Engineer: 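The structure that follows is given in the form of structure tokens.
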Amino acid sequence: MTRLEGEGGGDDMAIDGAEPAKPQLCNVPDGFDPNYLKLYYGKLFPYAEIFKWMSYGNDGKHPGCDHTYFGRREFSFTLENDIYLRFQSFSSSSELESSIKEKCPFKIDIGPVYTVDPAKRHAYAKAGDNVFSPVERELIFDIDMTDYDDIRYCCSGADVCLDCWPLMTIAIKVIDTSLRDDFGFNHILWAYSGRRGVHCWVCDLRARRLTNEQRGAIAEYFRVYKGNENNHKKVSLGQVLHPFLVRSYNEVLETFFEERLLPGQKLLETEERFENVLQMIPDESFASDLRGRWQDHRRSSNVKEDINIVRWQQLKHLSKSGKHKGLRRCVEEIVFSFTYPRIDMEVSKHMNHLLKAPFCVHPKTGRVCVPIDPDHCEEFDPTAVPTLSSLLQELNMGGPVADHENGWEGTSLSKSIRFFRSSFLQPLLKSCKEEIEASYNTELQQSKNSLSW
């Protein structure tokens, strides 16, 4: 693996030397083709929107704007053959656009805003440890489907389908609701990773200025899943369930488990699978009772109910009656084990982590990393998002698509960019401008008071 660090976006790095020939688009094959990235970045990538977002209102003419802000943001490019260009920085939208079009990165990652231009960090190396350090970074969450491999039977590794994708839907619903209701954040962007998971960007000013310790505390707030493949019990709920967990269970987890995951994953269909559930039950007599019922069960040809649902209802009923009464918490722990979000703790805890930019094209699938509407996330289909090949086929069709000032207008990408603009970017920028105005007025008043004194 080759790792190179560019300075200020001016690194003269070509991918495999020669510039690829312009592809013929009569029949665009499915999947990812690096030759097509040039067209994607040339006509479809929303540079203006990404620049506006990363500027947080500081690109305006207001005297309170910090015009160095965008230039202190780190971008990282991954080129062909795993060549990494870290600490890229750009002074304007046009400079960002020119560099991306020139390098055609396979992936674009976004890092923190630093005290100084990250491309010039070496010039400050001798001035002390705190001269070059991160000062702002969105609170981010990375949720990867591979972390659920122990409880999904339809796919494994990087593969996903509509039977296991509800696990990501659950994560979005639980975390988004808590970020808004429990922490008071408003400007939250969810994005599909392009292959097997989702990313969350919390962009409120309060969130961007959190310390590593504060980020760690928020990450720990969401931490319930603490197991691994060697543990039968994978969650720790405590004696009294936190109100956040009660809400998550009642409003999201229980319903999704019973209606989507239980029948979709066939969690109790075979003896091997129901044993995985029985091993989570601490009361051996309870587990033995259920095992006997399920092993002796013979499905009648007239029974139309799903065996997974039938067995789950037996487990619930038995936990509330007779000698096993009082095992309700055990039922809850099983549901949490199979449904609760499993976040990458380290990504959320530290300010200096990179995260893939929305609207990249995933090089393994060719799918675009589009935003997800958290209010309608159950409708999101990862297998139906725009792909590099489908978008280029749309461009190839010409007609109205070619006449738009923005190349993405008229393509299937337009819905995602419009959502990004209207539901996320516009409210965010309105809030940013109000914060800049308020901060400027406060500083002005303090200056006046100082002069008066």
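Since this is a predicted model, take the numbers as computed values, not measurements.
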Engineer: Do the side chains of Lys103 and Glu97 get close enough for a salt bridge, i.e. N-O under 4.0 angstrom?
Structural biologist: no

Engineer: When Tyr153 is tested against each of Asp163, Asn276, Thr270 for side-chain hydrogen bond (donor to acceptor under 3.5 Å, both in side chains), which residue passes?
Structural biologist: Asn276

Engineer: How about Ser156 and Asp149: does a side-chain donor come under 3.5 Å of a side-chain acceptor?
Structural biologist: no

Engineer: More than 12 non-hydrogen atoms from neighbouring residues, nucleotides or ligands closer than 6.0 Å to NZ on Lys349, yes or no?
Structural biologist: yes

Engineer: Using the ring of each side chain (for Trp, its six-membered ring), is Phe132 parallel, tilted or perpendicular to Tyr114, with breaks at 30° and 60°?
Structural biologist: parallel

Engineer: Give the ring-plane orientation class for Trp53 versus Phe424, where under 30° counts as parallel, over 60° as perpendicular and anything between as tilted.
Structural biologist: perpendicular

Engineer: Can you tell me how far CZ of Arg195 sits from OG1 of Thr146, rounded to the nearest 0.5 angstrom?
Structural biologist: 10.0 Å

Engineer: Taking the ring of Trp312 and the ring of Phe257, is the distance between their centroids below 6.0 Å?
Structural biologist: yes

Engineer: Hey, what's the ring geometry for His353 with His350, parallel, tilted or perpendicular (30° and 60° as the breaks)?
Structural biologist: tilted

Engineer: Regarding Lys316 and Glu258, does a basic nitrogen lie under 4.0 Å from an acidic carboxylate oxygen?
Structural biologist: yes

Engineer: Do the side chains of Asp182 and Arg247 get close enough for a salt bridge, i.e. N-O under 4.0 angstrom?
Structural biologist: yes

Engineer: Are Tyr221 and His242 close enough that their ring centers fall under 6.0 Å?
Structural biologist: yes

Engineer: Below 4.0 angstrom, N of the basic side chain to O of the carboxylate: do Arg196 and Asp159 qualify?
Structural biologist: no

Engineer: Between Glu49 and Lys52, does at least one N-O distance fall below 4.0 Å, as a salt bridge requires?
Structural biologist: no

Engineer: Will you find, in the side chains of Ser76 and Gln88, an N or O donor that is under 3.5 Å from an N or O acceptor?
Structural biologist: no

Engineer: So that I know where these two stand, are His199 and Phe141 an aromatic pair - ring centroids less than 6.0 Å apart?
Structural biologist: no

Engineer: Quickly, which of Glu269, Lys266, Gln313 forms a side-chain hydrogen bond (donor to acceptor under 3.5 Å, both in side chains) with Asn308? Name it, please.
Structural biologist: Glu269

Engineer: State whether a side-chain donor-acceptor pair under 3.5 Å links Asn441 with Glu437.
Structural biologist: yes

Engineer: Just checking, is any N or O donor in the side chain of Ser288 or Glu284 under 3.5 Å from an acceptor N or O on the other one?
Structural biologist: no

Engineer: Return yes when atom NZ of Lys415 has more than 12 non-hydrogen atoms of other residues, nucleotides or ligands closer than 6.0 Å, and no otherwise.
Structural biologist: no

Engineer: Parallel, tilted or perpendicular for Phe222 and Phe183, by the 30°/60° rule?
Structural biologist: tilted

Engineer: Ion pair present between Arg72 and Glu136, side-chain N to carboxylate O less than 4.0 angstrom?
Structural biologist: no

Engineer: Taking the six-membered ring for Trp and the full ring for Phe, Tyr or His, determine whether the centres of Phe90 and Phe75 are under 6.0 Å apart.
Structural biologist: yes

Engineer: Under 6.0 Å between ring centres, would you say that holds for Tyr84 and Phe77?
Structural biologist: no

Engineer: May I ask you to check whether over 12 heavy atoms, not counting those of Lys433, lie within 6.0 Å of atom NZ?
Structural biologist: no

Engineer: Do NZ/NE/NH1/NH2 and the carboxylate oxygens of Arg208 and Glu138 come within less than 4.0 Å?
Structural biologist: no

Engineer: Regarding Asp289 and Arg293, does a basic nitrogen lie under 4.0 Å from an acidic carboxylate oxygen?
Structural biologist: yes

Engineer: Are a donor atom and an acceptor atom from the side chains of Ser390 and Thr387 found within less than 3.5 Å of each other?
Structural biologist: yes

Engineer: Decide whether Trp294 and Gln314 meet the rule of one side-chain donor and one side-chain acceptor closer than 3.5 Å.
Structural biologist: yes

Engineer: State plainly whether the residues Arg329 and Glu333 are in salt-bridge range, i.e. N to O under 4.0 Å.
Structural biologist: no

Engineer: A quick test of your reading: do over 12 heavy atoms of other residues, nucleotides or ligands sit less than 6.0 Å from NE2 of His317?
Structural biologist: no

Engineer: Distance under 6.0 Å and angle within 45° of the ring axis: does Arg291 meet both against Phe274?
Structural biologist: no

Engineer: Compute the ring centroids of Tyr192 and Trp165, then answer whether they are less than 6.0 Å apart.
Structural biologist: yes

